[in-house]
Amino acid sequence: MEEAVRAQLDRVLASSGFRDAGRLGAFLRFVVEETLRGEGPRLKEAVIGVEVFQRPADYDPRIDPVVRVEARRLRARLDEYYAGPGQADRLRISLPKGAYVPVFEESSAIAGPPPVRRTRRFLWLAAVPVLLAIAAFVLLRQPPSPAEGARLLVLPFSNVSQDPANEYFSRGLTEELIDALSQLDGLKVIARSIAFQYAGPNVDVRQVAGLLGVTAVVEGSVRKSGDQLRITAQLINAKDGFQVWSQTWDRKMADIFAVQEEIARAIVSQLRPQLPVKDRSLLSRRYRGNVEAYNLYLRGRHELSRFDEESAKRAVDHFQAATALDPGFAPAFAGLSYVYTFFAYYDEDNSRKWFAGARETAQKALALDDRLPEAHTALGFALAFHEWDWNRASREFHRALELDPNSADAHAWHAAAVLLPRAQFDEANREFGRALELDPGNALTAFVAAYSMLASGRIDDALVLYRRSIDLENRHPDVVWDYGMALGFAKRYREAEVQFRLSHQMRGHPPGPLGALELVFTGHGNEARAVLPRVEAAAREGRIRAVEAARHYAMLGQPQKALDWLETAFQRRERQVLWLQVDPRLRSLQAEPRHRALVRKMGLSTSP
């Protein structure tokens, strides 16, 4: 049996779904090998955190949930494997929910492959009206009074397609349904961050409904094959667990906008009289257009979420192709604006060009649809990062949140682009928390939230969030470097050095000595001072930015030299000078009059 299990383990880890799965492969191999050695009882969160995820010996799973998060991802990846390439395998390896000891089963003991779990967050707007119709049925069967209201739980729809790559479709459909239903008066919808905790084939609907206090539950499945689409949904009475209604739609993707709007209008027209006209208009405003353009947009969103240069370039290609197919498709222009702002931040030599593009595409999106939250968020992002117009940027973010209070992007970028630069730490950290509650799998949000925690002096919380961002497969070397910086502030010098060297490797740099700031953060301050002349020369020759020189001098106790370079960075409008009030490397300068003057010049001061 052991030989067969190890052969099956090798087969799973060699599959396409696990070759690029980061630490999930190491996680699976560890728990399988430990079980085969008879060490299953020791497979606890704390042990796995230390031995697989390199947490310190005093790792506390109550603070850092990495093992639970990765276990959910591992179960999902295994489900995908056995629903796809491993469907005919004679042996199945599974990880039961709530446990870390794997189970090995012969295929004859398996009734069928489990539904694929949802793993990535995407918007899927086109199919929402069908499901709005489903949810409306709740109110038709048992119309609540305005005083009582109705509480609805939408469980994650299963992807039953043969291709696990269609997972984005079913998950996005569920998420957009939740978002759209949340805008209807008189209907309270459980947030997706809670709903997605109950993904899987063995959900006890009555138990979950009682726990969450809902009156009805919607669940279903999606099968997508080429341009053929089948959506099956059912409505369950939360009180007794009985199915009260179900329906299946067989449609072509090319017809999805018009057909589903007809279904939605037919049912929503019978909805309670209290439904305002403004809510009815929300059902059809965004769901028309070119299906292929929308799929390109979804793929662009997917690439953008990966947060690395090559993925960002692919995102631009997808968004541009979407706008070429459908020049009236506002979300794709908003997507372009996001990417251009990121390019402007990281490609400082061409930042003016990129920011011009960011503002132009955001304004184009607003001209097409001034009620699109993504467009207001994109414009606010560009106004803050390029023009340092914090008040106008703040208005755009507030408008986005008026239009969609559950927009994770609007919460996150309001915090990152306005609240954090202005040192409004409590508000910023609340906004980041809300964004991560709405979109817990967003590695980029976790990264910026970690920086906010570090800037506000909450080092332990920062370390948890940096680790979370990395564990979510954030592949940007800046994340790894900043994690090293946070470890340095925590005086965990050896661990910091590991992260700095990994960051160098990710950038393609050959092995070599640490830089001056890295020496500071690894406990070698004297060595760092010895190389300061090289830092000065590099800044004068333009090989490093002025703000980088300022950080070196500030960390090494030379505030006036640091301020000289910081003023130069301000005059050059270097991108990273926007963090001058919160950068933990510049903290020693905050009491200096010249520093306070720069804060006022940038309009960052919130004091009268």
Output for pair (Leu556 CG, Leu532 CG), nearest 0.5 Å, gives 5.0 Å
Is there side-chain contact between Tyr483 and Leu487, with at least one heavy-atom pair below 4.5 Å? yes
So with a 6.0 Å cut-off around CD of Glu592, is the heavy-atom count from everything else above 12? yes
Decide whether Gln590 and Gln581 meet the rule of one side-chain donor and one side-chain acceptor closer than 3.5 Å. no
Within a 6.0 Å radius of atom CD on Glu427, are there more than 12 heavy atoms belonging to other residues, nucleotides or ligands? yes
Please name all residues satisfying side chain to side chain donor-acceptor pair (under 3.5 Å) with Gln571, sequence neighbours left out, ordered by chain then number. none
Close side-chain approach of Glu387 to Phe355, heavy-atom, < 4.5 Å: no
Any Lys/Arg nitrogen of Arg501 or Glu497 sitting under 4.0 Å from an Asp/Glu carboxylate oxygen of the other? yes
Centre-to-centre under 6.0 Å for Tyr493 and Phe521, is that the case here? no
Tabulate below the donor-acceptor pairs under 3.5 Å that side-chain atoms of residues 376-385 make, not counting sequence neighbours, or state none.
unit_1 : atom_1 : unit_2 : atom_2 : d
His376 : ND1    : Glu396 : OE1    : 2.7
His376 : NE2    : Asp370 : O      : 2.8
Thr377 : OG1    : Pro373 : O      : 3.1

For Asp349, is there an ion pair with Arg545 - N to carboxylate O distance below 4.0 angstrom? yes
Under 4.5 Å between any side-chain heavy atoms of Val520 and His552, yes or no? no
Can Arg434 and Asn429 be counted as having a side-chain donor-acceptor contact under 3.5 angstrom? no
Can a donor-acceptor pair be found, under 3.5 Å and without considering hydrogens, that links the side chain of Thr568 to the backbone of Asp564? yes
Using atom types as modelled, flag every donor-acceptor pair under 3.5 Å from a side chain in residues 413-422 to any protein atom, sequence neighbours excluded.
unit_1 : atom_1 : unit_2 : atom_2 : d
His414 : ND1    : Glu431 : OE2    : 3.0

Walk me through it: do Phe329 and Leu368 pass the test side chain to side chain contact (heavy atoms under 4.5 Å, CB included)? CA-CA 8 Å; Phe329 189 33; Leu368 292 167; over 6 Å; no
Salt bridge (charged side-chain N to carboxylate O under 4.0 Å, His left out) contacts touching residues 546-556 (sequence neighbours left out): Glu548-Arg551, Arg551-Asp583
With sequence neighbours left out, what residues match His386 under side chain to side chain donor-acceptor pair (under 3.5 Å)? none
Is it the case that the side chains of Gln499 and Tyr466 hold a donor-acceptor pair, with the cut-off being a distance below 3.5 Å and no angle test? no
A side-chain contact here means heavy atoms from C-beta on lying under 4.5 Å apart; do Met506 and His476 qualify? no
Short N-O contact, Asp478 and Arg507, less than 4.0 angstrom: yes
Residue pairs, two or more places apart or on separate chains, that pass salt bridge (charged side-chain N to carboxylate O under 4.0 Å, His left out) and touch residues 567-576: Glu567-Arg594, Arg572-Glu574
Taking the side chain from Ser469 and the backbone from Leu465, do they hold a donor-acceptor pair closer than 3.5 Å? no
Determine whether Val339 and Trp354 make a side-chain contact, defined as any pair of heavy atoms from C-beta on separated by less than 4.5 Å. no
So, Arg540 and Glu536, do they make that salt bridge, N to O below 4.0 Å? yes
Looking at Lys364, I'd like to know if its NZ atom is crowded, meaning that more than 12 non-hydrogen atoms belonging to other residues, nucleotides or ligands lie closer than 6.0 Å. no
Under 3.5 Å, side chain of Glu360 to main-chain N/O of Gly357, donor-acceptor pair present? no
